[in-house]
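Step one of this worksheet: look at the structure below.
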Amino acid sequence: MAVLAESGSNPDVDLLYDINGLAKDAPHWFDRVMEFVGEYGLLLAMVLLVLWCWWGVRRRGGEEAAPSVAALVWAPLAAGIAVLVNIPIRGFVERPRPFRDHQGLDVLVSGKDDFSFVSDHATLTMALGVGLFVANRRFGLVGIGLALLEGFCRVYMGVHYPTDVVGGFALGTAVVLLLSPLAMALLTPLMRAVERSPRVGLLVRRRTAPGVPVLPGARRSAESGERDLAA
């Protein structure tokens, strides 16, 4: 395929230079921070956010615990599927990294010899963020915000065009939402079976202490203010 956005007059390239140009004016230590955050930090933050959401769902329990945990399990599965889908896309488009076609970029991380479109990091983080949103809107909004920051970091680092990032966002979102009905139909019964298991049921819902009555109506009322299941 022809290389996308080779001309410096292309808005995609102009935005690349504008964002990456911030790295030239920033202190060296800040660039090192952005390198770590964009390469590893935000991915780790997304994983911790998913675990935090799972812990809250597990503690609250209730009838919706199994569907919520199923949605949380779907988030990383969808991210992995999206990255696999990206493999043939990259091979078909064959878009070189921006620093190979454009001079004067401040590249903060070396060793990027593969193709550029679409960004794996943007795909992963947005898939996790949207997957979180399916399970819990509050956590999902935070996750989507982190994904947007990841996209900015990838352009700031000089390793992706803005359209690489936008393509990753679109791919991650599409995989999560299009396959979510099928995934939830398969994962929710599985999580209900896990919940009933005396050995691994704690992964879905915390056990109630002996002698402490559970009031379904009160539990549902408490959950309604804290949890918002989108699917």
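Count residues from 1 along the sequence.
- Annotation for Met157 and Val109: closest pair CE-CG1, 3.6 Å, computed over non-hydrogen atoms.
- Contact of the Phe92 side chain with the Ile89 side chain is not registered, since no non-hydrogen atoms from C-beta on lie closer than 4.5 Å.
- Aromatic rings from Tyr161 and His102 are positioned such that their centres are separated by under 6.0 Å.
- Between Ala75 and Leu132, the shortest heavy-atom distance links the atoms CB-N, 4.2 Å.
- Trp74 and Leu186 sit in two unconnected hydrophobic clusters of ILVMFWY residues. Membership requires side-chain heavy atoms under 4.5 Å apart, directly or through other members.
- A side-chain N or O of Thr163 and one of Asp12 form a donor-acceptor pair less than 3.5 Å apart.
- Using a 4.0 Å cut-off between charged nitrogen and carboxylate oxygen, Arg95 and Asp164 count as a salt-bridge pair.
- Between the Lys112 side chain and the His160 main chain, no donor and acceptor come within less than 3.5 Å of each other.
- Taken to the nearest 0.5 Å, the OG atom of Ser119 stands 7.0 Å off from the CD atom of Glu150.
- Leu177 CG to Phe133 CZ: the interatomic distance, rounded to the nearest 0.5 Å, is 9.5 Å.
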**Prompt:** Going through the distances and angles, do Val165 and Phe152 end up as a side-chain contact (heavy atoms from CB on, under 4.5 Å)?
**Reply:** CA-CA 8 Å; Val165 169; Phe152 176 84; over 6 Å; no
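- Follow the hydrophobic side-chain contacts under 4.5 Å out from Leu149 and you reach Ile144 in the same cluster.
- Here the options are Val13, Leu15, Asp14, the test is side-chain contact (heavy atoms from CB on, under 4.5 Å), and the partner is Tyr17; only Val13 passes.
- When each of Leu187, Val134, Val175 is checked for a side-chain contact (heavy atoms from CB on, under 4.5 Å) with Ser180, only Val134 meets the rule.
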**Request:** Check the pair Val93, Phe115 against side-chain contact (heavy atoms from CB on, under 4.5 Å), reporting the backbone distance first and the verdict last.
**Result:** CA-CA 8 Å; Val93 177; Phe115 294 122; over 6 Å; no
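- Expressed to the nearest 0.5 Å, how far CG of Asp31 lies from CG of Leu22 amounts to 10.0 Å.
- Side chain of Arg90 to main chain of Val118: a donor-acceptor pair is present (N/O by atom type, distance under 3.5 Å, no hydrogens or angles).
- Counting all heavy atoms, side chain and backbone alike, Ala45 lies closest to Leu146 at CB-CD1, 4.2 Å.
- For the 3.5 Å distance criterion, the side chains of Tyr156 and Asp106 fail to qualify, holding no donor opposite an acceptor.
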**Request:** Take Val47 and Leu43 through the side-chain contact (heavy atoms from CB on, under 4.5 Å) test and state the conclusion after the steps.
**Result:** CA-CA 6 Å; Val47 172; Leu43 288 174; 5.8 Å; no
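- Contact record, Arg192 with Ala66: CG-CB, 3.5 Å, taken as the closest heavy-atom pair.
- Taken from CD in Glu39 to CG in Leu108, the straight-line distance is 10.5 Å, to the nearest 0.5 Å.
- Looking only at side-chain heavy atoms (C-beta outward), Ser116 and Pro98 come within less than 4.5 Å of each other.
- Leu72 contributes atom CG, which lies 10.0 Å from atom CH2 of Trp54 (distance to the nearest 0.5 angstrom).
- Using a distance-only test at 3.5 Å, with no hydrogens or angles considered, a donor-acceptor pair links the side chain of Arg97 to the main chain of Val159.
- Panel note: side chain His121, backbone Arg154; no donor-acceptor pair is recorded below 3.5 Å.
- With Asn86 contributing its side chain and Thr123 its backbone, the two residues share no donor-acceptor pair below 3.5 Å.
- Note that the CZ atom of Arg196 and the CE atom of Met191 stand 11.5 Å from one another [nearest 0.5 Å].
- When hydrophobic clusters are built by joining Ile, Leu, Val, Met, Phe, Trp and Tyr residues whose side-chain heavy atoms come closer than 4.5 Å, directly or via intermediates, Trp55 is grouped together with Val194.
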